[in-house]
Amino acid sequence: MSSRSPAQGVPAVSTPARHPSRRRLLRKAMAGAGALLAAGPLTGCTSPASASGASALSVWDLFQGGDGMLMDDMIEAVSKGSGGAEGFDVDRTILDWGPSYYTKLAMSAAGGRAADVAAMHLSRLAGYAPGGLVDAFDLDLLAEYGVTEKDFTPAVWSRTRHEGSVYAIPLDVHPFIVFYDKKAADKAGLLDTGGELAPMGSPEALLEAGKALAEATGGAGILFGHVTDTAQNWRLFAGLYAQTGADFDLPDGGPPKIDVDAAVRVVTLMTRLFDGKTNPNNLDYNGALAAFSSGRGGMAMLGEWELPTLKKSGLELGAAPFPQVFEKPAVYTDSHSFVLPHQDSPDPARRREAHRYVAQILKQSLTWASAGHIPAYQPVLAEPAYAALDPQSSYAGAAEVAVLDPPNWFAGAGSNFQNRMCQPLQSALLGDTTPEKAVRQMVREADTLLRQPNPVA
């Protein structure tokens with residue numbers, strides 16, 4: 001099994017698709033996507049809508065495994081219609097997660113013959129909206145179907161805009177959080193009177209928590225898998241850096257505006273926390289996940305998307321937003337969102353249906369929450385059924401202090417930017433370089449990326 005982590009919000013294990021008659025699975029021949037892109041615009045590409053009949057609303061996403069099955073349920077619910085609302089005829093296309101998905105999405109949009117609705121990580125929007133690869137939503141039309149800006153947290157909604165228009169509607173917030181063994185945490189004295197993880201408030205408190213958990217378990221305190229991973233170290237660094245209140249700005253053309261002192265402070269804490277003694281410093285992603293699942297550690301730093309796997313472990317499982325240890329609350333996150341891939345001459349009636357579809361799916365997101373994702377549509381969080389979800393409701397507050405990747409075309413989920421940030425951080429955690437040298441390398445890598453032109457600008 002690969003030592004890499006699964007993509008943010010994408011299950012590690014793929015489950016066979018249900019309702020195959022309603023899907024076209026495009027999980028092969030993606031190696032040829034680059035050649036197609038090099039060959040020029042896809043003027044001869046058949047649109048999903050025309051291929052499957054004019055009445056079907058074409059939808060692209062990357063949800064497989066457990067998430068894919070939940071999306072099946074949500075689509076089935078809206079397809080039937082409820083509360084007097086008309087149903088939908090949905091033609092769903094599932095593509096593999098990764099660069100192939102975003103390449104295919106870009107190519108179809110560049111040809112102007114794309115799907116009616118597609119899923120996109122919100123952190124990737126800056127690589128699509130400026131180049132005209134996605135079209136803006138009509139907020140008045142969304143409001144007709146009961147969805148408005150006030151239904152989302154400002155921290156997430158602020159990233160949906162480009163030049164004053166909204167180009168993405170968030171489905172969820174999927175943060176980098178902490179899972180913990182409640183029995184070990186109780187023994188270590190880390191729980192509040194309500195049985196939840198108590199606030200920490202300082203780097204020293206986090207270090208002491210690791211020691212107390214190690215003593216309570218007789219094994220490791222805090223587990224974190226990062227070796228050869230292309231995202232984990234960045235997730236941890238980015239969340240902690242945001243807590244310092246320092247800016248991490250990457251203006252076009254460079255140079256990067258990064259507070260080196262704050263960054264060194266964060267990396268130093270990371271190396272102190274994962275010292276190779278109290279908390280291992282040399283685990284890969286799957287090694288850390290397995291160690292926590294088997295009770296060999298009291299806490300694990302992971303994405304909330306691991307909840308379905310961890311619920312099978314038999315642990316008395318707790319979860320919490322990533323602890324605030326510096327000056328301000330912040331949690332590193334991303335968001336699965338809906339976009340309208342660019343179409344040269346969109347049919348007004350189909351565009352209206354696309355807006356209605358997005359609104360109706362959002363209202364089904366209690367189903368989506370069962371996998372661990374925080375619904376971005378806030379009215380769902382107010383439902384008693386969401387409050388009853390354990391431990392999901394325990395970390396719902398992470399959405400209020402969400403921090404995403406810098407809004408640059410080269411950043412975001414699955415990007416080379418994350419990988420290039422992770423490499424010097426890995427060297428620091430393994431003791432192969434100092435925090436100061438790791439930060440200098442991160443600044444150089446960011447500067448190199450900033451000097452590269454946006455290929456779709």
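A 4.5 Å side-chain heavy-atom check between Ile361 and Phe88 finds every atom pair outside the cut-off. Taking 4.5 Å as the limit, some side-chain heavy atom of Leu197 sits within range of a side-chain heavy atom of Leu190. Residues Leu389 and Leu366 form a side-chain contact, since some pair of their non-hydrogen atoms from C-beta on lies under 4.5 Å apart. For the pair Leu95/Ser100, no side-chain contact is recorded, criterion being any heavy-atom separation below 4.5 Å from C-beta on. Taking the side chain as every heavy atom from C-beta outward, Arg92 and Met71 approach each other to under 4.5 Å. The shortest distance between side-chain heavy atoms of Pro391 and Lys311 falls below 4.5 Å. With a 4.5 Å cut-off on side-chain heavy atoms, Gln378 and Leu381 count as touching. Within the 4.5 Å cutoff, no side-chain heavy atoms of Met421 are placed close to those of Phe237.
Between Phe248 and Phe417, the shortest heavy-atom contact is CE2-CZ, 4.2 Å. Shortest non-hydrogen contact noted between Ala205 and Met200 is CB-O, 3.6 Å. Of all heavy-atom pairs spanning Cys422 and Gln232, the tightest one is SG-N, 4.1 Å. Considering every non-hydrogen atom in both Ala119 and Asp61, the closest pair reads CB-CB, 3.8 Å. Smallest separation of non-hydrogen atoms from Thr217 and Gly297: CG2-C, 4.0 Å. Shortest non-hydrogen contact noted between Pro341 and Val339 is CD-O, 3.3 Å.
The NZ atom of Lys183 sits 10.5 Å away from the CG atom of Asp186 when rounded to the nearest 0.5 Å. One finds the CZ atom of Arg420 at 14.0 Å from the OG1 atom of Thr230 (value rounded to the nearest 0.5 Å). Put simply, CD on Glu327 and OG on Ser202 are 10.5 Å apart, with the number rounded to the nearest 0.5 Å. Ser370 OG to Met69 CE: the interatomic distance, rounded to the nearest 0.5 Å, is 10.5 Å. Of the inter-residue distances, the one linking Leu340 atom CG with Phe137 atom CZ reads 3.5 Å to the nearest 0.5 angstrom. Note that CG of Leu236 and CG of Leu425 are 8.5 Å apart. Values are rounded to the nearest 0.5 Å.
Other residues, nucleotides and ligands place more than 12 heavy atoms under 6.0 Å from the CG atom of Asp347.
Screening Leu142, Leu139, Asp138 for a side-chain contact (heavy atoms from CB on, under 4.5 Å) with Val166, the sole residue that qualifies is Leu139. When each of Lys363, Gln360, Arg352 is tested with Tyr145 by the rule side-chain hydrogen bond (donor to acceptor under 3.5 Å, both in side chains), just one qualifies, namely Arg352. Residue His121 forms a ring-ring contact (aromatic ring centres under 6.0 Å, His included) with just one option from Trp97, Tyr101, Phe63, and that option is Trp97.
Asn279 places a side-chain N or O within donor-acceptor distance of the main-chain N or O of Ile222, the cut-off being under 3.5 Å. A donor-acceptor distance shorter than 3.5 angstrom exists from the side chain of Asp135 to the backbone of Gln343, with no hydrogens or angles considered. Of the possible donor and acceptor atoms, one in the side chain of Thr153 sits under 3.5 Å from a partner among the backbone N and O of Ala399. Judged purely by atom type and a 3.5 angstrom limit, Ser158 uses its side chain to pair as donor or acceptor with the backbone of Ala155. A donor-acceptor pair under 3.5 Å is formed between the side chain of Tyr395 and the backbone N or O of Gly372. Looking only at distances, no side-chain donor or acceptor of Gln392 sits under 3.5 Å from a matching main-chain atom of Tyr386. In terms of modelled atom types and a separation under 3.5 Å, the side chain of Asp192 and the main chain of Gly194 share a donor-acceptor contact. Without hydrogens or angle criteria, Asp284 side chain to Gly287 main chain gives a donor-acceptor distance under 3.5 Å. Of the possible donor and acceptor atoms, one in the side chain of Asn281 sits under 3.5 Å from a partner among the backbone N and O of Leu429.
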ask   = Checking side chain to side chain contact (heavy atoms under 4.5 Å, CB included) for the pair Leu289/Leu310: CA distance, chi angles, key distance, verdict?
value = CA-CA 8 Å; Leu289 185 61; Leu310 293 176; 3.8 Å; yes
task = Would you please test Asp91 and Ser58 for side-chain hydrogen bond (donor to acceptor under 3.5 Å, both in side chains) and show each step?
result = CA-CA 5 Å; Asp91 180 9; Ser58 58; over 6 Å; no
query = Which is it for Asp172 and Trp305 under the side chain to side chain contact (heavy atoms under 4.5 Å, CB included) test, yes or no, and what are the steps along the way?
reply = CA-CA 11 Å; Asp172 65 31; Trp305 51 89; over 6 Å; no
query = Between Val147 and Phe152, does a side chain to side chain contact (heavy atoms under 4.5 Å, CB included) hold up when you go through it step by step?
reply = CA-CA 9 Å; Val147 174; Phe152 303 87; 3.8 Å; yes
query = Could you go step by step and tell me if Leu133 and Leu105 meet the side chain to side chain contact (heavy atoms under 4.5 Å, CB included) rule?
reply = CA-CA 8 Å; Leu133 296 176; Leu105 187 60; over 6 Å; no
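Using modelled atom types, one finds a donor on one side chain and an acceptor on the other under 3.5 Å when comparing Ser123 with Asp334. His336 and Asp67 are not linked by any side-chain donor-acceptor pair at a separation below 3.5 angstrom, with hydrogens and angles left out of the test. Looking only at atom types and distance, the side chain of Asp96 has a donor-acceptor partner in the side chain of Gln64 under 3.5 Å away. For the residue pair Tyr332 / Asp405, a side-chain donor-acceptor distance below 3.5 Å is found, with atom types taken as modelled.
Ion pair Arg350/Glu353 not flagged as a salt bridge, since none of the NZ, NE, NH1 or NH2 atoms sits closer than 4.0 Å to an Asp/Glu carboxylate oxygen.
Contacts of Glu196 classified as salt bridge (Lys or Arg N to Asp or Glu O under 4.0 Å), with partners at least two apart in sequence or in another chain: none.
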